[in-house]
Amino acid sequence: MKEYDPSSIEKKWQDHWEANGVFHATNDQTKPKYYALIEFPYPSGQGLHVGHPRPYTAMDIVSRKRRLQGYNVLFPIGWDAFGLPTENYAIQNKVHPKLVTERNVAHFKQQMQSIGFSFDWSREINTTDPDYYKWTQWIFLQMFKHGLAYKKEMAVNWCPSCKVGLANEEVVDGCCERCGTQVERRMRSQWMLAITKYADRLIDDLEDVDYIERVKVQQRNWIGRSEGAEVDFTVNGKTMTIYTTRPDTLFGVTYMVMSPEHPYLAEWKDQILNYDEVLAYQKNAAAKSDFERTELAKDKTGVVLKGITAINPVTEEEIPVYVSDYVLMSYGTGAIMAVPAHDTRDWEFAKKFGLPMHEVVAGGNINEAAFTDIETGTLVNSGFLNGLSVEEAKKKITEWLTEKGIGHKKINFKLRDWIFSRQRYWGEPIPLVQCEKCGWVALPESELPLLLPEVESYEPGPNGESPLAAMTDWVNTTCPCCGGPAKRETDTMPQWAGSSWYFLRYMDPSNHDALASAEALKYWSPVDWYNGGMEHTTLHLLYSRFWHKFLYDIGVVPTKEPYQKRTSHGMILGSNNEKMSKSRGNVVNPDEVVATYGADTLRLYEMFIGDFEKAVPWSENGVKGCRRFLERVWKLQDFLTDEEGISKDLETLIHQTIRKVSQDDETLKFNTAIAAMMSLVNAFYNKKQVTRGELRVLLLLLNPDAPHITEEMWEECGFGGHVYEQKWPEWDEAKTVEDMITLAVQVNGKSRGTIQIPKEAGKDEAMAAFHADPRLEALIAGKQIVKEIFVPGRIMNLVVR
RNA sequence: GCAGCUGUGGCGGAAUUGGUAGACGCGUUAGACUAAGGAUCUAAUGCCCAAUUAGCGGCCUGCGAGUUCGAGUCUCGCCAGCUGCACCA
């Protein structure tokens, strides 16, 4: 027997698979399809680190297993290659970002291929390829034509370091998600996508998909749907509308609060007696960044509007009006009714300013804290609402307000429209022109793709405008509508554009007439299993669901949802338990692991390292353990007998292992599947022999995890053909239980021993076995059995006195 | 602050969902082979007692209570950690 030498056999099989197109998805639509997807990587200059292969290996296992189960599997790969790091590198090194991208892609590809993933490389895509972004632009144009893309002058999150506007989703703790610089507010005219029009469906349709719960929860929170009511208050003779989720507490309103940006403040300039004070407060609030405004949340500030009085529409009581920055202009109507007895923030504000509180929901102690429980409270001091539960009162008051014409039911969302333009070079050009006469006009589809022009400098302009703005030849054009002079849009799309639909392109990657053919879309949709990072839950995952729903609405795609199942992996940390990063010096490069131990060892360890969904530290010794296991598998060839069948004494274990591996690979428990295979190998070693039939089963089960060594051994043992041509083994449930079982015996709930009984034995047989064992019998000698508990196959417990 | 999740050996982690806690791997210890071992093999390995012919001993799943014949698993109350949201009315 030759030695186990991964470096020679791994290359051999990788070449064999690719040369024979073994993993290319076929167009044979008679077979059931399975579409497994990973998040296509951003080809950074650093290359892969050991965290990348974790999700890739997991989905590779699923894909390889599905192929053995007879599916036509699509497991594609591509590059999400537009983006800032490449552009910044290009600026610093004066290289075209295209060249940087090509270089990085080549490196990533070589790294990935050395790990032996069964990607269909014939369908490789790249978001920066004009043949690809033609369709990104095409989808944007459809959105524009359907009124979902609009331009708006608005305050944007501006990163002074990246010189770019950011979407809300890209701001973390008031700082730029990428570089950590604190973001500023700047007014800019931006392209927006009306994702809020899909807010309801993006929540409701989560019911129909199989996503892990934390993903659903996070999406629901982010969309932030709340049901309440808008109510009109009369303030100095003017109608001021507020939004509340607690219309039932209307009788408890003791003051109102307006946001510092509320437009009424300026209108009331002459009526507000302390307008100077209000102006000063507004100025102060504007100077604070969003971050400061929320960080200092604990301490409420505000100014009362002297000369302004509001009327509570139910009690007709006169109440004061305040301006305070705890009310946001960007949510609801920018003004609220304050119910200090039943809202924590209002309570804090009222305490600070000595405002009265009216308890209208009994059940708490409002002197100590606002009572906000909506389950248990009962309405009091509330006229016709008295005695009702919160839920009943909400309904009744909303009806009453509607009848009176001073309010109505209203649903609000935290989700904002998506700021879609970036003032950068390395992104998809927005295919629109602005004409003096016709306004914003779409390019004809025949002019797509609108190519990214060659520029001399990739740096943004001094006022943060896109580098494209300096290209006057390119910018000045004619209006496709009237033929008059027009200017091109110089902003580009954000990185999230290309990734919002890439999974569709894989279905038919070289189609010139459509983003993919209707036939391919129908056959392959939806993605059956999509695994990716939690950090994309409110970004990529939400955005792509939105695009897909739009494409569904215009009849392009056949399903409402793009992904049937979504799972997520945990991060791999450095051996010091910290996030892997260059600066911490704890990065492990998969190339080194492959070179030292082999790709199969890397793959196996990536899966065996721990709970797939949790973060876990890398351990060099753990890697060695996996290599040791593969060596033991390899050396099974020494124990190989001529027997084709499965020996009687291992039959149960074999069937148990098939079941365990088959089931655990479906539920992200790759670690315990591997543990089961290790146990099986240990059993072969204990016997010092393995039959051909037994080894076949092991090689098949292990193949998705460690494809190279299993192919090689299959060939070495002369099992015929290749592993990838075989069928996934099946287990017989009846054979997963031994004929004689070991039953644990307890006395008074304490484990005292075991008895051997037939698997179908009843209580009487178990009792007989108990009495037959003198050591067990001794435990109950002279005592009275009060109760006998017998759970077949599980336990026997005798209660004695 | 609010919500959710999680707490199991020296470490990563198992536990058929209420039924012998610690599978599997790492590490450690002893032995074998050896010129040598950071290779390989064999055995032991939760903790505490006992041990040259010495155990079907006791204690163990963050802490404290409870339900049950039986609790890592269910309930209640603490404590700690992680994640998400963060003045969204």
Side-chain angles (χ1 to χ4, degrees), chain A residues 173 213-214 217-218 220-222 224-226 228 242-247 249 257 259 290 293-300 324-328 330-339 342-346 348-349 372 412-416 534 537-538 575 577 604-605 608-611 613-626 628-629 631-632 635 656 659-660 663 669 671-682 685 736-737 742-754 773 775-776 778-779 786-791 793-800:
Chain A
D173 285 342
E213 198 53 31
R214 56 195 172 123
V217 167
Q218 222 169 295
R220 284 194 201 106
N221 287 345
W222 188 262
R225 176 161 67 189
S226 68
I242 60 92
Y243 174 72
T244 178
T245 54
R246 295 294 303 276
T249 60
V257 189
S259 160
D290 266 15
R293 246 166 102 156
T294 55
E295 266 307 284
L296 304 170
K298 285 146 213 156
D299 197 23
K300 298 270 182 295
S324 172
D325 63 6
Y326 85 89
V327 174
L328 309 175
S330 52
Y331 185 80
T333 63
I336 62 154
M337 63 179 217
V339 187
H342 305 292
D343 181 278
T344 311
R345 296 147 304 184
D346 296 345
E348 283 167 10
F349 190 86
T372 57
N412 265 337
F413 297 93
K414 283 198 231 177
L415 186 70
R416 304 293 148 76
M534 282 307 289
T537 304
T538 53
S575 50
N577 237 312
L604 202 68
Y605 181 59
F608 190 60
I609 188 167
D611 185 332
E613 301 195 73
K614 285 194 193 141
V616 62
W618 187 260
S619 151
E620 179 86 10
N621 279 326
V623 180
K624 284 185 198 161
C626 288
R628 206 171 289 156
F629 169 66
E631 294 276 2
R632 276 163 72 79
K635 288 183 189 141
Q656 284 172 343
R659 180 175 62 184
K660 183 82 181 150
Q663 291 177 345
K669 296 178 152 202
N671 52 338
T672 48
I674 293 167
M677 290 187 273
M678 288 174 166
S679 296
L680 182 62
V681 170
N682 290 343
Y685 268 81
T736 59
V737 188
T742 303
L743 191 77
V745 175
Q746 300 183 335
V747 175
N748 287 343
K750 286 198 168 164
S751 298
R752 293 292 155 172
T754 58
D773 186 327
R775 279 193 290 205
L776 291 174
L779 292 167
V786 185
K787 199 168 180 183
E788 297 167 357
I789 291 123
F790 176 76
V791 184
R794 295 276 169 88
I795 200 131
M796 182 161 80
N797 186 14
L798 301 182
V799 184
V800 299

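Every chain is numbered from 1, with letters handed out A, B, ... down the list of sequences. As the structure is a computational prediction, the values presented were derived from the model and not from experiment.
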So, the side chain of Tyr605(A) versus the backbone of Ser619(A): is there a donor-acceptor pair under 3.5 Å, distance only? yes
Could you work out the separation of G37(B) and A32(B) based on their P atoms and round it to a whole Å? 12 Å
Contact class for Val616(A) (heavy atom, under 4.0 Å): base, sugar-phosphate, or nothing? sugar-phosphate
Rounded to whole Å, the NZ-P distance (Lys614(A) to C11(B)) equals 15 Å
For Asn671(A) and G13(B), is the shortest distance between a side-chain N/O and OP1 or OP2 below 4.0 Å? no
Rounding to an integer number of angstrom, what distance separates C63(B) and C69(B) when you compare their C1' atoms? 26 Å
Would you please confirm or rule out a distance under 4.0 Å between OP1 or OP2 of A21(B) and any side-chain N or O of Ser751(A)? yes
Where is the tightest heavy-atom contact between Leu776(A) and Arg752(A), given as atom of each residue plus distance? CD2-O, 3.6 Å
If the C1' atom of U83(B) is compared with that of U67(B), how far apart are they to the nearest Å? 32 Å
Pairwise P distance for A65(B) and U52(B), with rounding to whole Å: 39 Å
Is the base of U17(B) syn or anti, if syn means a glycosidic angle within 90° of 0? syn
If I take atom CH2 in residue Trp222(A) and atom P in nucleotide C2(B), what distance separates them, rounded to the nearest angstrom? 22 Å
Find the distance Lys414(A):NZ to A3(B):C1' and express it as a whole number of Å. 10 Å
Could you measure between the two C1' atoms, the one in U8(B) and the one in G72(B), and give it in whole Å? 7 Å
Less than 4.0 Å between a side-chain N and a carboxylate O, is that true for Glu631(A) and Lys624(A)? no
Base, sugar-phosphate or nothing for Thr742(A)? Non-hydrogen atoms, less than 4.0 Å. base
Taking the side chain of Val791(A) as its heavy atoms from C-beta onward, which of G19(B), A89(B), C87(B) lies nearest to it? G19(B)
Spacing of Arg775(A) atom CZ relative to A54(B) atom C1', expressed in whole Å: 14 Å
Value in whole Å for how far the P atom of C69(B) lies from CZ of Arg752(A): 19 Å
Given A89(B), G84(B), C24(B), the nucleotide with the shortest approach to the side chain of Gln218(A): G84(B)
Checking all strands, does Gln746(A) fall into the base, sugar-phosphate, or nothing category for heavy-atom contacts under 4.0 angstrom? base
Does the Asn797(A) side chain pair with the main chain of Gly749(A), one donor and one acceptor, at a distance under 3.5 Å? yes
Reckon Lys669(A) has a side-chain N or O less than 4.0 Å from the OP1 or OP2 of A15(B)? yes
Tell me the partner of C11(B), counting only Watson-Crick (N1-N3 plus N6-O4 or O6-N4) or G-U wobble (N1-O2 and O6-N3) with both under 3.5 Å; none if nothing fits. G25(B)
Candidate nucleotides C69(B), C24(B), G19(B), ranked by approach to the side chain of Arg794(A) - the nearest: G19(B)
Give a yes/no on whether any side-chain N or O of Thr344(A) is located under 4.0 angstrom from OP1 or OP2 of C87(B). no
Look through every strand shown and name the nucleotide pairing with G66(B) as Watson-Crick or G-U wobble, where both distances are under 3.5 Å. C74(B)
Heavy-atom nearest nucleotide on RNA chain B taken for Val745(A) and for Asn221(A); more 5' hit belongs to Val745(A)
Using a 4.0 Å heavy-atom cut-off across all strands, classify Asn412(A) as base, sugar-phosphate, or nothing. nothing
For Lys750(A), which contact category applies under a 4.0 Å heavy-atom criterion: base, sugar-phosphate, or nothing? sugar-phosphate
Looking at Arg632(A), does any N or O in its side chain come under 4.0 Å of the phosphate oxygens OP1/OP2 on C41(B)? yes
Taking 4.0 Å as the cut-off, does a side-chain nitrogen or oxygen of Tyr326(A) come that near to OP1 or OP2 on A89(B)? no
What contact category does Thr754(A) fall into here, base, sugar-phosphate, or nothing, at under 4.0 angstrom with non-hydrogen atoms? base
Nearest-Å distance for atom pair CG/C1', residues Asn682(A) and U42(B): 13 Å
Would you check if there is a donor-acceptor pair between the side chains of Tyr243(A) and Ser226(A) at a distance under 3.5 Å? yes
pair_partner(U6(B)), Watson-Crick or wobble, both distances < 3.5 Å, evaluates to A80(B)
Answer with base, sugar-phosphate or nothing: what part of the nucleic acid does Ile609(A) contact at a heavy-atom distance below 4.0 Å? sugar-phosphate
Is Lys300(A) close enough and on-axis enough to Tyr326(A), meaning under 6.0 Å and within 45°, for cation-pi? yes
With a 3.5 angstrom cut-off on both distances, give the Watson-Crick or G-U wobble partner of G1(B), or none if there isn't one. C85(B)
If you measure from the P atom in G25(B) to the same atom in G46(B), how many Å do you get, rounded? 15 Å
Residue-phosphate contact under 4.0 Å: Arg659(A) side-chain N/O, U16(B) OP1/OP2: no
Without decimals, in angstroms, what is the distance between Glu620(A) CD and C26(B) P? 14 Å
Atom CG of Leu779(A) to atom C1' of U20(B): distance rounded to whole Å? 14 Å
Would you say G27(B) has OP1 or OP2 under 4.0 Å from some side-chain N or O of Arg628(A)? yes
Quick one: does Thr244(A)'s side chain get under 4.5 Å of Ile336(A)'s, heavy atoms only? no
In Watson-Crick or G-U wobble terms, with both distances under 3.5 Å, the base opposite U61(B) is none
Looking at every strand, decide which applies to Lys635(A) at a 4.0 Å heavy-atom threshold: base, sugar-phosphate, or nothing. nothing
Now, which nucleotide makes the Watson-Crick or G-U wobble pair with U42(B), with each of the two distances under 3.5 Å? A30(B)
Between Thr672(A) and Cys626(A), who's closer to the 5' end of RNA chain B by nearest nucleotide? Thr672(A)
Under the rule syn = chi within 90° of 0, otherwise anti, which is G9(B)? syn
Using the C1' atom on both, measure G27(B) against G13(B) and round to a whole Å. 14 Å
Taking any heavy-atom pair under 4.0 Å as a contact, classify Gly625(A): base, sugar-phosphate, or nothing. sugar-phosphate
Distance check: side-chain N/O of Arg214(A) vs OP1/OP2 of G84(B), anything under 4.0 Å? no
Beyond-backbone contact of Arg416(A) with Tyr331(A), side-chain heavy atoms, under 4.5 angstrom: yes
With distance as the sole test, does Asn671(A) use its side chain to make a donor-acceptor pair with the main-chain N or O of Ile609(A) at under 3.5 Å? no
Assess whether one donor atom and one acceptor atom, taken from the side chain of Lys624(A) and the base of C26(B), lie less than 3.5 Å apart. no
A14(B) and G64(B), which share atom name P, separated by this distance in whole Å: 26 Å
Paired with G18(B): which nucleotide, if any, by Watson-Crick or G-U wobble criteria at under 3.5 Å for both distances? none
Hey, does Ile674(A) have a side-chain heavy atom less than 4.5 Å from the side chain of Met677(A)? yes
Can you tell me whether the side chain of Asn797(A) and the base of C69(B) have a donor-acceptor pair closer than 3.5 Å? yes
